[in-house]
Amino acid sequence: MKWDLNLDVSAMLVMMILGIYGIHKKELPLRRNRLFYSVVISVWMVALTDIVSSIMCSFPQIFPVWSLYLINILYYGFKAVNPIAFLFYCLNLESRMKYTKLSTKILVYLPASFMLVLVLSSPLNHLIFSITPEGEFVYGPLRDLLFWESLYFFAISGIYLYRIRKILRSEIWLALNIAIGFSMVGQVLQTFFLPHTQSISLFNSLGILVIFLSYQNPDYFRDRVTTLFDLEGLRTLKAEDLRYRTYRPFVAMQLDNYQDLRLAYGDGNMDRLLEMVGKYIRFQFMDGPKFYVHSGRFMMMFDDNRQRDAAKERLISRFEEPFLLNGEAYYLSTSFFCNGSAISTKSVEEMQLLLELISEEARLRGKGADVTIDEEMYAKIRRQIEVGKALERAILNNSLLVYFQPIYSNHEGRISCAEALVRIRDPELGMIYPDEFIDLAEQNGSIIQLGHQVFEKTCEFICNHDMNELGLDYIEINLSPVQCMREQLSEELQQVLYRRRIDSRRINLEITESNHSGNQIARKNIMELAQYGIEFSLDDYGTGYSNLINVLSLPLKIVKIDKSIVWAYFRDDNPMLLHVLELFKESSLEIVCEGVEDQEMATKLRELGCDYEQGYYYSKPIPEEEFVEYILREKQHA
Ligand code: C2E
Ligand code: CA
Ligand code: CA
């Protein structure tokens, strides 16, 4: 019999290159990576044993019959194992997808063991193959069963892939299906049409190549600049750790003032520095995966706490020395955070929040901070996640509450307007105040919907009541900077007013100084809305870095002085309030003082020339009906 081994040899070479590349590059310790290489090895072994057995069978006078049996058992064994390894690889791609133990047992282990027993017992029953006493190789009657076995396992893989198609990335999904297609073509060709060519090896290796090139290569999760693993890699590993309950001690390192450094050093130099830090980390700590998360934040995982603490000490002393770039010394100050041994986050989401929180914590504690996550920080994160879900629910159900806080006019001696303030009443968490969710909504973008719903609800209030009868001139609505930077904002708000036939002077939008003055889109929105007749207040005056020139160039009617400045005056005689009042007296801007909590404050502020007052002394923010009752009651008293 004449054997053509070229295809086997090329398949073997391709698999060898992939293997060496993978070992050299170091992979993320994911189960799916290990399983991928087990598929590679099985393809490699099929080709290798095929070559060896063909050669041995050509020289039966040299090799004893038992050795011919042995090599062929290996060949058929690996051939049977290959589609099973492929199936396990598929099953481990998506950590969120669980398959039950029992069904795996019945569908996978049972047929797999049957097939292996059949191959192993070939010397006795000659069902798959046999070797004559003269050393000649003969196909057994059940030889085609190997084809059906492959078909069976690839079909299960295909069905499983179909089931997880929605949660799997499309490139992964496509690559795997192509690989299955290739393998089947190889099987059909070799089994039915070209038994003497090794098309199985060829097509299997082509399939693996497709998978490798599309996403299974060691650079898939690698950050380009630092050559460490990236955030996506961190997420994937974390998801798997959760599934298998693996705890990994980690140390996270933040370059202090990263954004400022980038501005000061320039992007080019900063990237070179990141690259140097990345290299240092990569070659100093060989064990455990290392990540570059983003914005100067690194994360290193270790096998045990002792290793981690030692690594941290080494890093601290390394960063006391400068990094040399183009002959110049760059000092990078860093903060560190570790996970306490008891704390292991329960979701990828949780871990990311944890990272945010600890870098914030480090920022507060100043340069070179060293933070260990404790129960308290962890509880904070859990709460944040719960609040995030409540926010999502409230927006989805359009169940945000809008409360109103009256604002007292000193000139008119009555409540003349109010501020709309959002709340969430959650079935699980109870009442939640905006301090807990506005930042979050701004970060995840849901502030757009939130802002829109609050605007709609406030308009509804205006529609449903006779504003003149209540003596309300307008309602103030908070506008987030994120909303302002949205191109369509002005048009959307105008549409709501137009649709409800609301006079634009009934609305006053509160903006804050730091965010609006610089941005062109924000400025355009504000100008357009002002043109439409909406008035603007500058909120929280005194909490940011005020650039008076910028502020005064906006079409503002009112400035709201933050309660911290008001309180500082009454508590510590801090003269800031007086300066601010003086400053705006010259201009035509009206002044609201916030945080007025008692009569003494109210009287004094009136004497100082403040136009409006807002605070618990008059009323807390209250629900619509209560607010209307309050106004009517106050009117009677007046
Ligand atoms: P803000 O705009 O400065 O609103 C005033 C906050 O001060 C309100 O807190 C109000 O309850 C509180 N306050 C008023 N008078 C007093 C007082 O006399 N003493 C004390 N201790 N506090 C007083 P709230 O409702 O918790 O809102 C917090 C912040 O959340 C608001 O600060 C505002 O920045 C934001 N926010 C609220 N609703 C919305 C909204 O619909 N959209 C946006 N983008 N932000 C909102
Ligand atoms: Ca406000
Ligand atoms: Ca305010």
Side-chain angles (χ1 to χ4, degrees), residues 387 391 394-395 398-408 415 417-425 431-461 474-486 489 493 507-516 522 525 535-544 546 556 558-571 580 591-602 605 610 612-624 626-627 630:
V387 168
L391 171 68
I395 290 179
N398 192 13
S399 66
L400 292 168
L401 300 178
V402 175
Y403 276 33
F404 297 91
Q405 185 174 33
I407 298 175
Y408 184 84
I415 301 295
C417 55
E419 176 174 359
L421 292 157
V422 65
R423 272 108 183 81
I424 294 174
R425 191 178 309 125
M431 196 63 138
I432 314 174
Y433 293 88
D435 283 341
E436 275 199 288
F437 60 80
I438 293 292
D439 279 353
L440 187 69
E442 285 179 342
Q443 280 160 25
N444 69 19
S446 58
I447 191 78
I448 302 286
Q449 286 155 289
L450 179 146
H452 201 79
Q453 291 183 12
V454 170
F455 192 81
E456 277 280 2
K457 286 179 186 200
T458 308
C459 287
E460 203 173 306
F461 172 85
Y474 53 85
I475 308 279
E476 297 181 1
I477 305 175
N478 291 283
L479 202 60
S480 153
V482 179
Q483 285 175 278
C484 268
M485 292 186 201
R486 210 172 121 81
L489 177 84
L493 297 191
I507 303 285
N508 178 298
L509 293 174
E510 294 190 5
I511 55 178
T512 49
E513 50 195 322
S514 46
N515 325 56
H516 297 94
N525 273 324
E535 285 173 338
F536 282 87
S537 299
L538 186 69
D539 201 4
D540 302 340
Y541 185 84
T543 55
S546 323
L556 295 172
I558 296 172
V559 174
K560 300 186 79 170
I561 299 178
D562 194 69
K563 48 183 174 282
S564 58
I565 292 188
V566 175
W567 291 347
Y569 173 75
F570 285 96
R571 211 172 277 157
V580 173
I591 305 247
V592 179
C593 281
E594 292 188 308
V596 183
E597 295 200 334
D598 54 43
Q599 188 169 12
E600 185 205 344
M601 287 169 91
L605 285 168
C610 143
Y612 299 90
E613 295 179 11
Q614 176 180 359
Y616 292 176
Y617 172 62
Y618 297 98
S619 165
K620 289 191 170 183
I622 40 180
E624 179 175 330
E626 229 176 285
F627 173 63
Y630 173 90

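Each ligand, and each atom within it, is numbered from 1 in the order the structure gives. Every value quoted in this text rests on a predicted model; they were computed, and no experiment measured them.
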Can you confirm whether Glu597 sits close enough to Trp567 that some side-chain heavy atom of one is under 4.5 Å from a side-chain heavy atom of the other? yes
Give me the nearest non-hydrogen protein atom to atom 16 (C) of ligand 1 as residue plus atom name, then the distance to 0.1 Å. Tyr616 CE2, 3.2 Å
Please report which non-hydrogen protein atom sits nearest to atom 43 (C) of ligand 1, along with the residue it belongs to and the distance in Å to one decimal place. Asn478 CB, 3.6 Å
Can a non-hydrogen atom of Lys560 be found less than 4.0 Å from any atom of ligand 1? no
When you measure from atom 2 (O) of ligand 1 to every protein heavy atom, which one gives the shortest distance, and what is it? Asp539 OD2, 3.0 Å
Do Cys593 and Gln614 have side-chain heavy atoms sitting under 4.5 Å apart? no
Test item, Lys620 contacting ligand 1 (heavy atom, 4.0 angstrom): no
For Glu419, the ligand 1 atoms whose distance to one of its heavy atoms is below 4.0 Å: 2 (O), 4 (O)
Among residues at least two apart in sequence or on other chains, which ones pass ring pair (Phe, Tyr, Trp, His ring centres under 6.0 Å) with Phe437? none
Does Gln483 use its side chain to pair, donor to acceptor, with the backbone of Ser480 at less than 3.5 Å? yes
Restricting to heavy atoms, the pick from Val566, Val402, Asp435, Leu450 nearest atom 28 (C) of ligand 1 would be Asp435
Would you be so kind as to tabulate the donor-acceptor pairs closer than 3.5 Å made by side chains of residues 451-459, with sequence neighbours excluded?
residue: Gln453; atom: NE2; partner: Ile395; partner atom: O; Å: 3.0
residue: Glu456; atom: OE1; partner: Arg500; partner atom: NE; Å: 3.1
residue: Glu456; atom: OE1; partner: Arg500; partner atom: NH2; Å: 2.9
residue: Glu456; atom: OE2; partner: Arg499; partner atom: NH2; Å: 2.7
residue: Lys457; atom: NZ; partner: Asn398; partner atom: O; Å: 2.8
residue: Lys457; atom: NZ; partner: Asn398; partner atom: OD1; Å: 3.4
residue: Lys457; atom: NZ; partner: Leu400; partner atom: O; Å: 2.8
residue: Thr458; atom: OG1; partner: Val454; partner atom: O; Å: 2.7

Where the side chain of Tyr618 meets the backbone of Val596, is there a donor-acceptor pair that is under 3.5 Å apart? no
Which protein N, O or S atoms sit under 3.0 Å from the Ca ion (ligand 3)? Asp539 OD1, Asp540 OD1, Glu594 OE1, Glu594 OE2
Exam field: side chain Asn525 to backbone Arg486, donor-acceptor pair closer than 3.5 Å: yes
For Glu510, is there any backbone N or O sitting under 3.5 Å from a side-chain donor or acceptor partner on Asp539? no
Ligand 1-proximal atoms of Pro621, by part, heavy-atom distance under 4.0 Å: side chain
Determine whether Tyr630 and Ile415 make a side-chain contact, defined as any pair of heavy atoms from C-beta on separated by less than 4.5 Å. yes
Which residue owns the protein heavy atom closest to atom 35 (C) of ligand 1, what's the atom, and how far is it? Ile438 CG1, 4.0 Å
Identity and distance of the protein heavy atom lying nearest atom 21 (N) of ligand 1: Glu597 OE2, 3.2 Å
Verify the distance test for Asn478 against the Ca ion (ligand 2): any N/O/S atom under 3.0 Å, yes or no. yes
Could you walk me through whether Thr512 and Asp540 pass side-chain hydrogen bond (donor to acceptor under 3.5 Å, both in side chains), step by step? CA-CA 6 Å; Thr512 49; Asp540 302 340; 6.0 Å; no
Any idea which part of Val596 is under 4.0 Å from ligand 1, heavy-atom wise: side chain, backbone, both or neither? backbone
Does the protein place a non-hydrogen atom closer than 4.0 angstrom to atom 38 (N) of ligand 1? yes
Do me a favour and list the nearest non-hydrogen protein atom to atom 40 (C) of ligand 1 with residue, atom name and distance? Val422 CG1, 3.7 Å
Should Trp567 be listed as contacting ligand 1, given a heavy-atom distance under 4.0 Å as the test? yes
Could you name the option among Gln405, Glu476, Lys457 that has the heavy atom nearest to atom 14 (C) of ligand 1? Gln405
In terms of atom number and element, which parts of ligand 1 are under 4.0 angstrom from non-hydrogen atoms of Asp540? 3 (O)
Verify atom 9 (O) of ligand 1: protein non-hydrogen atom under 4.0 angstrom away: no
Should the proximity of Lys563 to ligand 1, defined as any heavy atom under 4.0 Å, be assigned to the side chain, the backbone, both, or neither? side chain
Considering heavy atoms of the protein only, find what lies nearest to atom 30 (O) of ligand 1 and give residue, atom and distance to 0.1 Å. Pro434 CB, 3.3 Å
Below 4.0 angstrom from a heavy atom of Ser480, which ligand 1 atoms are there? Numbered from 1 as shown, please. 44 (N)
Taking only residues two or more places apart in sequence or in another chain, which ones pass salt bridge (Lys or Arg N to Asp or Glu O under 4.0 Å) with Glu476? Lys560
Please check if the distance between the ring centroids of Phe461 and Phe404 is under 6.0 Å. yes
Which residue supplies the protein heavy atom nearest to atom 31 (C) of ligand 1, what is that atom called, and how far is it? Leu421 CD2, 4.2 Å
For Val454, counting its heavy atoms only, list the atoms of ligand 1 lying under 4.0 Å from any of them. 41 (O)
